[in-house]
Structures are given as structure tokens and as C-alpha cells.
Amino acid sequence: MSDASRFKSDFLREFTARGCLYDCTDPEALDALFARERVTAYIGFDCTAPSLHVGSLVQLMTLRRLQQAGHRPILLMGGGTTKIGDPSGKDETRLLLSDQQIESNKQSIVKGIQHLLKFGEGPCDAIMADNAEWLDRLEYIPFLRDIGRHFSVNRMLTMDSVKLRLEREQPMSFLEFNYMIMQAYDFVELYRRYGCRLQSAGSDQWGNIVSGIDLGRRVENAQLFGLTTPLITTASGAKMGKTAAGAVWLNADQRSPYEYWQFWRNTEDNDVGRFLRLFTDLPLAEIARLERLEGAELNHAKIVLANEATAMLHGRSIAEEAAETARRTFEEGTFAEGLPTFALKLPDGVLNLAVATGLAASNSEARKLIANNGLRLNDVAVSDPRLQVDESALTPEGVLKLSSGKKKHVLVRPP
RNA sequence: GGGGGAAUGUCCCGAGUGGCAAAGGGGGCGGACUGUAAAUCCGCUGGCUUAGCCUUCGUAGGUUCGAGUCCUACUUCCCCCA
């Protein structure tokens with residue numbers, strides 16, 4: 001699947017060369033379709049949280065690359081399917097969200113990723129849809145007769161999303177069992193509404209995609225396609241986008257642009273080239289050059305990666321600010337205004353400050369951090385957990401820098 | 001319907017003779033070494049007003065000076081017989 005030269009279409013050549021392609025139904029026919037006409041394609045995102053995280057970035061990049069190659073992407077928000085919950089890859093049923101929660105998550109998600117795609121009325125402007133528009137209105141009996149009859153329960157039981165749950169003896173409700181059918185129906189509905197021919201997603205969605213393709217053939221006699229991207233892990237094998245502090249959210253109000261920049265800056269050496277290809281728009285030749293850097297020189301490539309990834313999500317000037325904050329903090333070791341800042345009243349104990357700024361989860365954890373020589377106040381290690389911090393500790397700039405370890409720094413500025 | 005087994009530190013896996021804040025991993029955090037990398041080594045890893053106190057071993061009761069450990073009931077899951 002990695003040989004880009006076998007494709008004729010610009011999109012699939014580029015997509016493959018960047019390491020985005022995992023699997024594809026009928027690659028030859030899809031390639032021909034891409035080469036021949038403007039293709040409408042979609043990816044669905046459920047609204048389970050107020051923000052997507054880095055784990056969804058490959059999918060978002062797919063939509064972006066489709067658009068760049070002159071095709072038309074559909075961003076499908078799962079306002080309806082989120083009410084059911086996707087069982088794929090999960091051992092346990094997810095908590096059900098309220099309709100209001102789903103709606104508010106949807107708004108927030110869309111806001112967070114607006115820079116990645118160009119929406120509008122043009123021929124390859126992105127379209128936003130919400131499957132609640134059609135799923136909420138389904139009538140049970142007609143739906144079962146028109147759509148349900150095309151699904152074989154025997155076959156559904158063999159799909160990984162269901163099979164794995166059954167094999168591991170984890171309960172699966174009938175509600176979740178229906179998720180696959182809803183997703184399949186989405187594909188058909190998007191075909192009817194927008195002439196959508198392709199669904200893309202992560203490789204764990206293969207079964208759901210194929211179900212949609214089958215359904216399209218049966219009810220619309222349409223030839224639909226599926227394209228999956230690899231599950232991205234780091235070179236050390238960890239799932240990407242999960243850090244100790246939790247998921248790497250895309251929305252700025254959950255993970256500041258500076259922290260987002262830092263996330264990319266801390267990429268492992270062995271991931272730099274791959275991540276540049278997957279997560280930036282830089283030309284492949286430029287990436288090849290950056291990737292050849294060795295030793296400490298590779299840090300330059302990581303900075304480029306952080307700049308590009310942050311600029312794409314938040315805009316170029318915000319990325320530059322983040323880069324400058326990082327440069328001042330790490331290269332000069334000085335105070336940088338762009339660090340996460342907390343307004344806290346000042347005569348206070350260090351333990352309280354560490355907890356209030358999120359550097360420690362509890363007083364006990366803060367004590368342990370101090371015992372391990374890991375907490376620093378204005379770059380000086382704190383040795384006494386009972387230390388009281390007052391205004392005299394403020395720098396000339398009127399702030400206080402508190403650090404946990406070498407990398408996590410925050411500022412405290414009294415109100 | 002009958003019989004047997006399992007549930008442990010709210011990240012995961014997992015040991016646990018009646019004295020247990022509970023072995024050992026993984027993961028995570030901190031330190032050393034570095035390049036804000038990896039690998040390696042060391043420390044920490046329930047909470048609090050931290051020489052002490054409080055809350056934890058599926059749920060609810062009970063026996064005991066003392067229960068993760070014994071008894072009873074319940075819940076969920078696994079295996080066997082019908």
C-alpha cells in the first residue's frame with residue numbers, strides 16, 4: 001500500500017507518499033475516479049467531547065488534502081450517532097450524553113478546527129453536515145424495512161467492533177449494536193444529498209465503512225469507496241496524543257497554543273520525518289532535507305514541525321508567539337509572557353500554588369514533587385513544603401515562575 | 001434449573017498465611033545523563049492541617065481486640081452439567 005507511483009491521481013499519489021494510506025477498497029477504480037473528476041468525500045466525527053484531539057488529526061488532514069487536491073470534503077458531525085455511541089475498539093459502553101451536551105460539543109469542535117478547512121459555496125469548498133438531520137427523524141418500522149433488511153446479523157456478529165466485545169465477554173447493548181447501521185446509512189444519505197462517493201476514517205473503522213459501501217450498492221446501486229488511515233503511534237509504540245496531562249486537545253481553550261507547540265516540539269527523533277509528512281503541508285523534498293539532519297541538529301526539524309502544526313491549527317502569528325515563548329523559556333531561561341498564567345493572590349503556601357496552577361494534582365503530590373527536588377520557584381528548587389510565598393518573590397516584571405521538572409512552567413501574577 | 005470459579009490500590013495487569021496503605025510489573029511523574037530526543041540508571045506513585053491522622057481490596061451485613069483474607073446475602077462475569 002505504500003507505493004505511491006502506482007497511482008495516477010494527484011491525490012492518491014500525495015496521500016500515499018505522505019504515509020497516510022492504510023487500506024482502500026478497489027484502489028484502481030478509486031484512483032481512476034480521482035483522476036477523472038472532482039470527488040466528494042466525507043469523514044465523520046462524533047461529538048463526545050468539546051474538542052477533538054491529536055488522534056483525530058490524521059482524519060482532519062485527509063479532508064484538508066482532499067480539498068488541496070481539488071476535491072470536495074464533507075465534515076460530518078455525528079450529532080445523531082453520538083446519541084448511540086460507537087462500540088469500535090471499546091470494552092465498555094460509553095456514558096450517554098444529553099442532547100444539549102452533544103450540541104454544545106459539536107459547536108465547540110467545529111470552532112476549534114475552522115482553520116483547517118475552507119468552508120463555503122465554491123466547488124471544492126468544504127461542506128458541514130450533521131447526521132442528526134436525518135437520523136433524528138427516522139421512523140423505526142420504515143427504516144427496518146428499507147434499510148434493516150439489508151443487514152445480516154450473522155455478518156454483523158463477525159465484525160471486529162462486535163466480535164471483540166463478545167469475545168472478551170463484555171456486554172454490548174442493542175443500542176450500540178445499531179451504530180454500524182447508522183454509520184452505513186450516513187454514507188448512503190450523503191451520497192443521496194451530495195453525491196458523496198468516498199468515506200475515509202481510521203483503520204478501526206474499516207468494518208463500518210464497508211457496511212456503508214454494501215448498503216449503497218444495495219439500495220442505490222452506487223459504487224462507493226472507502227479509504228483508511230493508519231493508527232498513529234509514536235516510535236516507542238505509545239498511542240499518539242495521550243500524555244500524562246490527558247489528551248492533546250485541539251481547541252485552544254483546552255490546550256493552549258504554547259502547549260500545543262510544545263507537544264510537537266517534544267516529538268521523538270525517530271518520528272520527526274513521519275510526523276512532518278503526516279501533519280504538515282511542507283513539500284516532501286523539504287521534509288526529506290529536514291529528516292536528514294542528525295543529532296542535536298534534528299531539533300531544528302522539530303521546531304519546524306511545531307511551527308507548521310501550530311500555524312495550521314491556530315494561525316501563523318499565534319504559532320510564532322508560541323515559538324518565541326518556548327525560545328525565551330528554554331533557550332534563554334528567562335521569563336516569557338506567553339507561558340500559562342494564573343491570577344492568584346499572593347501570600348500563599350507553595351503547595352497551594354502548585355495545586356492551583358495544575359503542576360500538582362494534590363498537596364501530597366506537591367510534597368512528593370518537592371521531596372524529589374522537582375519543584376522550582378523562579379528557577380530555584382523549593383526544599384521546604386511549608387514555604388510561604390509573598391510579594392517579595394515577584395520578579396521585576398511582577399510575576400512568579402513556578403516549574404515542575406524541566407519542561408512545565410507556569411506564571412503566577414497576583415490580581 | 002444445578003455445580004464450580006472470579007471481582008484487589010477508581011490508569012492497566014497482578015500477588016496477597018487474620019495484624020495491610022497491601023508484593024511485583026506496566027504506565028505516569030520527578031532526578032541524573034543529554035539535544036526540550038531515545039536508551040539507561042535512581043527516587044516517587046490513595047488523601048490530609050504529614051513524627052500523626054483519615055479513607056481504600058465488587059455491594060450490604062456479620063464473626064473477631066483486629067478482616068483484602070473467615071461467615072451470610074446480593075450484583076456482575078467465567079467454566080461445567082442439564
Side-chain angles (χ1 to χ4, degrees), chain A residues 89-95 164-173 233-248 256 258-276 290-307 309-310 322-334 336 338-340 348-377 379-388 401-410:
Chain A
K90 297 183 184 64
D91 262 359
E92 290 175 7
T93 307
R94 207 155 40 193
L95 272 77
L164 295 175
R165 190 76 81 84
L166 293 179
E167 277 175 359
R168 305 176 77 155
E169 309 292 351
Q170 299 295 330
M172 167 177 267
S173 68
T233 54
T234 68
S236 328
K239 229 183 215 174
M240 192 181 165
K242 300 275 183 188
T243 69
V248 179
S256 73
Y258 163 75
E259 292 172 296
Y260 190 72
W261 193 94
Q262 278 293 316
F263 168 76
W264 292 105
R265 174 63 183 82
N266 285 306
T267 296
E268 294 176 27
D269 282 12
N270 292 333
D271 287 328
V272 175
R274 192 162 54 102
F275 285 4
L276 279 166
L290 288 168
E291 188 173 33
R292 274 196 297 275
L293 297 173
E294 286 185 12
E297 289 290 297
L298 201 51
N299 283 333
H300 173 62
K302 294 185 189 180
I303 290 170
V304 173
L305 172 62
N307 284 342
T310 307
E324 176 61 11
T325 298
R327 193 187 64 76
R328 297 248 300 270
T329 303
F330 289 97
E331 293 178 27
E332 293 181 6
T334 56
L339 291 172
D348 202 354
V350 255
L351 295 179
N352 284 344
L353 291 175
V355 173
T357 54
L359 291 182
S362 66
N363 281 4
S364 291
E365 197 173 291
R367 281 175 203 278
K368 285 162 191 162
L369 191 60
I370 291 170
N372 283 316
N373 210 25
L375 186 70
R376 280 169 302 137
L377 176 64
D379 296 316
V380 179
V382 175
S383 56
D384 181 6
R386 285 164 303 189
L387 178 70
Q388 284 293 313
K401 183 161 88 164
L402 204 59
S403 316
S404 162
K406 297 270 191 294
K407 287 196 196 164
K408 281 178 283 186
H409 308 279
V410 298

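We use all heavy atoms of the structure for the numbers below, so side chains are in, but hydrogens, waters and symmetry mates are not. Each chain gets a letter, A, B and so on, in the order its sequence line appears, and its residues count up from 1.
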Rounded distance in Å between the P positions of B/C71 and B/A6:
12 Å
Looking only at side-chain atoms of A/Arg367, point me to the closest of B/G30, B/U36, B/U49.
B/U49
Write down the distance separating the P atoms in B/C20 and B/A32, rounded off to the nearest Å.
36 Å
Whole angstrom is fine here: how far is it from CZ in A/Arg265 over to C1' in B/G35?
8 Å
Does a nitrogen or oxygen in the side chain of A/Lys407 sit under 4.0 Å from OP1 or OP2 of B/G30?
no
Looking at B/A7, which nucleotide sits across from it as a Watson-Crick or G-U wobble partner, both distances under 3.5 angstrom, or is there none?
B/U75
Assigned glycosidic conformation for B/C54 [threshold 90° from 0]:
anti
Does CD in A/Glu332 sit with more than 12 non-hydrogen atoms of other residues, nucleotides or ligands closer than 6.0 Å?
yes
Rounded distance in Å between the C1' positions of B/G31 and B/U55
31 Å
With the side chain of A/Gln262 defined as its heavy atoms from C-beta on, choose the nearest nucleotide among B/G35, B/U36, B/G30.
B/U36
Pick the P atom in B/U75 and in B/A60, then give their distance to the nearest Å.
15 Å
Heavy atoms of other groups near A/Gln388 CD, more than 12 under 6.0 Å:
yes
With rounding to the closest Å, how many angstrom separate the C1' atoms on B/C70 and B/G2?
26 Å
Whole-angstrom distance between B/G25 and B/U76, as gauged at atom P
37 Å
Could you state the interatomic distance from OG1 (A/Thr357) to CG (A/Leu339), rounded to the nearest 0.5 Å?
12.0 Å
Kindly point out which of B/U49, B/G35, B/U36 is positioned nearest to the side chain of A/Asp269?
B/G35
Could you tell me whether A/Trp261 contacts a base, only the sugar-phosphate backbone, or nothing, with contacts defined as non-hydrogen atoms closer than 4.0 Å?
base
If you assign A/Ala361 and A/Glu331 each to the RNA chain B nucleotide with the nearest heavy atom, which residue ends up on the more 5' nucleotide?
A/Glu331
Taking atom types as they are modelled, would you say the side chain of A/Asn299 forms a donor-acceptor pair with the base of B/G35 within the 3.5 Å cutoff?
yes
Expressed as a whole number of Å, how far does the P atom of B/U8 sit from that of B/C53?
29 Å
Between B/A39 (C1') and A/Leu298 (CG): distance, integer Å:
16 Å
Would you mind telling me which of B/G35, B/G47, B/A32 lies closest to the side-chain atoms of A/Ser362?
B/G47
Would you mind reading off the distance between A/Leu369 atom CG and B/C44 atom P, rounded to a whole angstrom?
14 Å
Could you check how far CZ of A/Arg386 sits from P of B/U49, rounded to whole Å?
13 Å
Report yes if a side-chain nitrogen or oxygen of A/Lys406 is closer than 4.0 Å to either non-bridging phosphate oxygen (OP1 or OP2) of B/U34; otherwise report no.
no
When you get a sec, tell me which of B/U45, B/G43, B/G35 is the closest nucleotide to the side chain of A/Lys368?
B/U45
A/His409 ring center near A/Phe330 ring center (under 6.0 Å)
yes
Nucleotide nearest A/Ala326 (side chain, heavy atoms from C-beta), chosen from B/C48, B/U36, B/U45:
B/U36
Between the side chains of A/Ser362 and A/Glu365, is a donor N or O closer than 3.5 angstrom to an acceptor N or O?
no
With the threshold set at 4.0 Å, does a side-chain nitrogen-carboxylate oxygen contact exist between A/Arg327 and A/Glu324?
yes
Please report, rounded to the nearest Å, how far the P atom of B/G30 is from the CG atom of A/Leu402.
13 Å
Roughly, in whole Å, what's the span from CZ in A/Arg274 to C1' in B/A37?
15 Å
I need the A/Asp379 CG to A/Thr334 OG1 distance, nearest 0.5 Å.
9.5 Å
Should B/U56 form a Watson-Crick or G-U wobble pair with both distances under 3.5 Å, which nucleotide is its partner?
none
Which of B/A37, B/C48, B/G30 is nearest the side chain of A/Asn372? It is B/G30
Whole angstroms only, please: what is the CG-C1' distance between A/Leu351 and B/U50?
11 Å
Side-chain atoms of A/Ser364 come closest, of B/U45, B/C48, B/U36, to B/C48
Given that both distances must come in under 3.5 Å, which nucleotide forms a Watson-Crick or G-U wobble pair with B/U40?
B/A32
Which comes earlier along RNA chain B counting from the 5' end, the contact point of A/Gly374 or that of A/Asn363, where each point is its nearest nucleotide?
A/Gly374
Drop me the distance from A/Asp384's CG to A/Arg367's CZ, to the nearest 0.5 angstrom.
10.0 Å
Round to the nearest Å and state the distance from A/Asn373 atom CG to B/G43 atom C1'.
11 Å
May I ask you to say what A/Gly295 touches in the nucleic acid, namely base, sugar-phosphate or nothing, with a heavy-atom cut-off under 4.0 Å?
base
Looking only at atom C1', what distance separates B/C57 and B/G68, rounded to whole Å?
5 Å
Contact class for A/Ser404 vs. all strands (heavy atom < 4.0 Å): base, sugar-phosphate, or nothing?
sugar-phosphate
Watson-Crick or G-U counterpart of B/G27, or none if no pair lies under 3.5 Å
B/U45
